[in-house]
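One structure is given below, encoded as structure tokens.
Given the structure is predicted, the values throughout are model-derived calculations rather than measurements. Chain identifiers are assigned alphabetically (A, B, ...) following the order of the sequence lines, protein sequences preceding nucleic acid strands; residue numbering begins at 1 within each chain.
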Amino acid sequence: MKNTLFWLVKSEPVKYSWEKFNKDGRTFWDGVRNYQARNNLRLMQEGDLVLFYHSNDGKEVVGIAKVVKEAYQDPTTEDPNWVVVDLSPVETLKKPVTLETIKADEQLKDVGLVRQGRLSVMALKREEFDRILELGS
DNA sequence: GCCAACGTTGGC
DNA sequence: GCCAACGTTGGC
């Protein structure tokens, strides 16, 4: 059995919110135009767990999604540089975990969200993922 | 709306 | 290959 990896993706709720995602049941994660984020998308494997973060408005982790289809050509562009993955919602956090909470948490000091604020798709360590879920329950 | 961080582009 | 200029993202 392969190792599950953990990720965090950002979305501006104005563009694509957790609520909309849950209504859709499944989406392809498009719009990534940053190489580092793209590389992360390519590393995602089916079954990996992904935290869903609302940027700008809310600034909080709102739920858990999972990868249901690995990276393939971004259907919204011809440019072969860009890929998308398919995600499905798994569950909503009982309590959203705010950026403020994450910043204040000793165990989450080094999380990508804090250290590299602009990156929209980032890897999480298992401990970080677990810690955020703990804070959100 | 401003600004900091940082990635990308283009001139040399 | 360096670096300044510029654009984008996201927090405040």
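A:Asp130 is linked by a salt bridge (charged side-chain N to carboxylate O under 4.0 Å, His left out) to nothing, counting only residues two or more places apart in sequence or in another chain. Checked against side chain to side chain contact (heavy atoms under 4.5 Å, CB included), A:Thr77 has the following partners two or more places apart in sequence or in another chain: A:Arg33, A:Gln73, A:Asp74, A:Asp79, A:Trp82. Checked against salt bridge (charged side-chain N to carboxylate O under 4.0 Å, His left out), A:Glu100 has no partners two or more places apart in sequence or in another chain. Remark: A:Glu128 pairs with A:Lys125 by the salt bridge (charged side-chain N to carboxylate O under 4.0 Å, His left out) rule, at least two apart or across chains. With sequence neighbours left out, the side chain to side chain contact (heavy atoms under 4.5 Å, CB included) criterion links A:Val114 to A:Ile102, A:Lys103, A:Val111.
Residues from residues 101-109 of chain A that place a heavy atom under 4.0 Å from any atom of DNA chain B: there are none.
In this pair, A:Phe6 and A:Phe129 present their aromatic rings tilted. The plane angle is within the 30 to 60° band.
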Residues 49-57 of chain A side chain polar contacts: donor-acceptor under 3.5 Å, at least two apart:
| from | atom 1 | to | atom 2 | distance (Å) |
| --- | --- | --- | --- | --- |
| A:His54 | NE2 | A:Trp18 | N | 3.0 |
| A:Asn56 | ND2 | A:Glu12 | OE1 | 3.0 |

Give the table of side-chain donor-acceptor pairs shorter than 3.5 Å for residues 36-43 of chain A, with sequence neighbours excluded, one pair per line with atom names and distance.
| from | atom 1 | to | atom 2 | distance (Å) |
| --- | --- | --- | --- | --- |
| A:Gln36 | OE1 | A:Gln116 | NE2 | 3.1 |
| A:Arg38 | NH1 | A:Asn81 | O | 2.7 |
| A:Asn39 | ND2 | A:Tyr35 | O | 3.3 |
| A:Asn40 | ND2 | A:Gln36 | O | 3.4 |
| A:Asn40 | ND2 | A:Val121 | O | 2.7 |

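Here A:Leu119 lies out of heavy-atom contact (under 4.0 Å) with every strand.
The OH-C1' distance, from A:Tyr16 to C:dT9, rounds to 21 Å in whole Å. What separates NZ of A:Lys10 from C1' of C:dG11 is a distance of 9 Å, to the nearest Å. Distance A:Leu113 CG to C:dT9 P: 16 Å, rounded to the nearest Å.
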Can you give me the N/O atom pairs linking the protein to nucleotides 4-8 of chain B at distances under 3.5 Å, or say none if there are none?
| from | atom 1 | to | atom 2 | distance (Å) |
| --- | --- | --- | --- | --- |
| B:dC6 | O4' | A:Arg118 | NH1 | 3.2 |
| B:dC6 | O2 | A:Arg118 | NH1 | 2.6 |
| B:dG7 | OP1 | A:Gln116 | NE2 | 3.0 |

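Phosphate contact (OP1/OP2 of C:dG11, side-chain N/O of A:Tyr53, threshold under 4.0 Å): present.
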